[in-house]
Peer 1: 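Here it is, the structure in full.
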Amino acid sequence: MIVIENLKKYAGERLIVDVDSFEIKPQDRLAVIGPNGSGKTTLLRLLAGRLKPDEGSITYRDSTPLPYYLPQISQSFSLSVKNNLLTCLPKSIGMQERHNLADAALKRFKLEALAHKNAKRLSGGETQRLALACLLVTPKKLLILDEPTSAADIESVDLIEKVLLEDSIKNDTTLIFATHSPRQALNLATKVLLLENGAAAETGSPEELLKNPKTEWGKRFMEHWQI
């Protein structure tokens, strides 16, 4: 379980994250939504340990595993696509098993035809698929993803969502992701957190929050989301 208490993060004098109290339970799939500048990325970086709170705390309880974090802008090594995947695997795994796992990841993310292409020559969407393939080439228990389909086309979005959902259920993964897509929140999330100026404006199930927000601000925000 991840427990947030009196969490504050500033950029200069501006308060950009201000969450009083929030819990993320094991196997939750949490969608973090809100307008640009609402603190989504900063909150995810705090949860991932990439930033330190200025006030308050984020506590990992009950043997919560360390998070694996993927930023919105994906990076790759100047190697072939397959060799990028091989570098993501622990050296303790035998060579044949490493190749088997890499080949399986290529197939799952439909990167087989690009296996020998230099990863630096991929499109933005292909690079995002490769980054996720590297992340999921072995099972993970806690994933924090910043807009994991922001560069993907419609077909790739469907593929990524399918793999994320299958892996989360199969591996009992706790998934935390920021998104601008209401459909993605409905497809993947079990819980939604709506941020307003860094604060938790509303929380609830996807059906409750996305289709029937309780606050006036939430209603105004959701008017811009085509459900």
Peer 1: Will you find, in the side chains of Q184 and T149, an N or O donor that is under 3.5 Å from an N or O acceptor?
Peer 2: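 The answer is yes; a qualifying pair exists.
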Peer 1: How far does CD1 of I24 sit from CG of L142, to the nearest 0.5 angstrom?
Peer 2: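 Between I24 CD1 and L142 CG, I get 8.0 Å after rounding to 0.5 Å.
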Peer 1: Should W217 and M222 be counted in the same cluster of Ile, Leu, Val, Met, Phe, Trp and Tyr side chains packed under 4.5 Å apart?
Peer 2: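 Yes, because W217 and M222 connect within a single hydrophobic cluster, where side-chain heavy atoms sit under 4.5 Å apart.
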Peer 1: Any Lys/Arg nitrogen of E166 or K162 sitting under 4.0 Å from an Asp/Glu carboxylate oxygen of the other?
Peer 2: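 Yes, E166 and K162 are salt-bridged.
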Peer 1: By the side chain to side chain donor-acceptor pair (under 3.5 Å) test, which pairs, at least two apart or in different chains, include something from residues 20-35?
Peer 2: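 Found D28-K191.
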Peer 1: Who are the salt bridge (charged side-chain N to carboxylate O under 4.0 Å, His left out) partners of E161, not counting sequence neighbours?
Peer 2: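 For E161 the salt bridge (charged side-chain N to carboxylate O under 4.0 Å, His left out) partners, ignoring immediate neighbours, are R183.
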Peer 1: Check step by step if salt bridge (Lys or Arg N to Asp or Glu O under 4.0 Å) holds for D18 and K8.
Peer 2: CA-CA 5 Å; D18 182 16; K8 288 181 170 58; 3.3 Å; yes
Peer 1: Looking at E216 and K219, does any basic side-chain N land under 4.0 Å from a carboxylate oxygen?
Peer 2: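 Salt bridge: yes.
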Peer 1: Hey, does L193 have a side-chain heavy atom less than 4.5 Å from the side chain of F22?
Peer 2: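 Heavy-atom side-chain distance check passes, below 4.5 Å.
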Peer 1: Does any part of the side chain of P26, heavy atoms only, come nearer than 4.5 Å to the side chain of M1, both counted from C-beta?
Peer 2: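 SC-SC contact between M1 and P26 confirmed.
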Peer 1: Would L188 end up clustered with I176 when hydrophobic side chains under 4.5 Å apart are linked, directly or stepwise?
Peer 2: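 Unlinked, L188 and I176 end up in two clusters.
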Peer 1: Is the closest basic N to carboxylate O distance between K82 and D103 below 4.0 Å?
Peer 2: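 Yes, K82 and D103 are salt-bridged.
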Peer 1: Tell me whether E155 at atom CD has more than 12 heavy atoms from other residues, nucleotides or ligands lying less than 6.0 Å away.
Peer 2: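 No, the 6.0 Å shell around CD holds no more than 12 heavy atoms from other groups.
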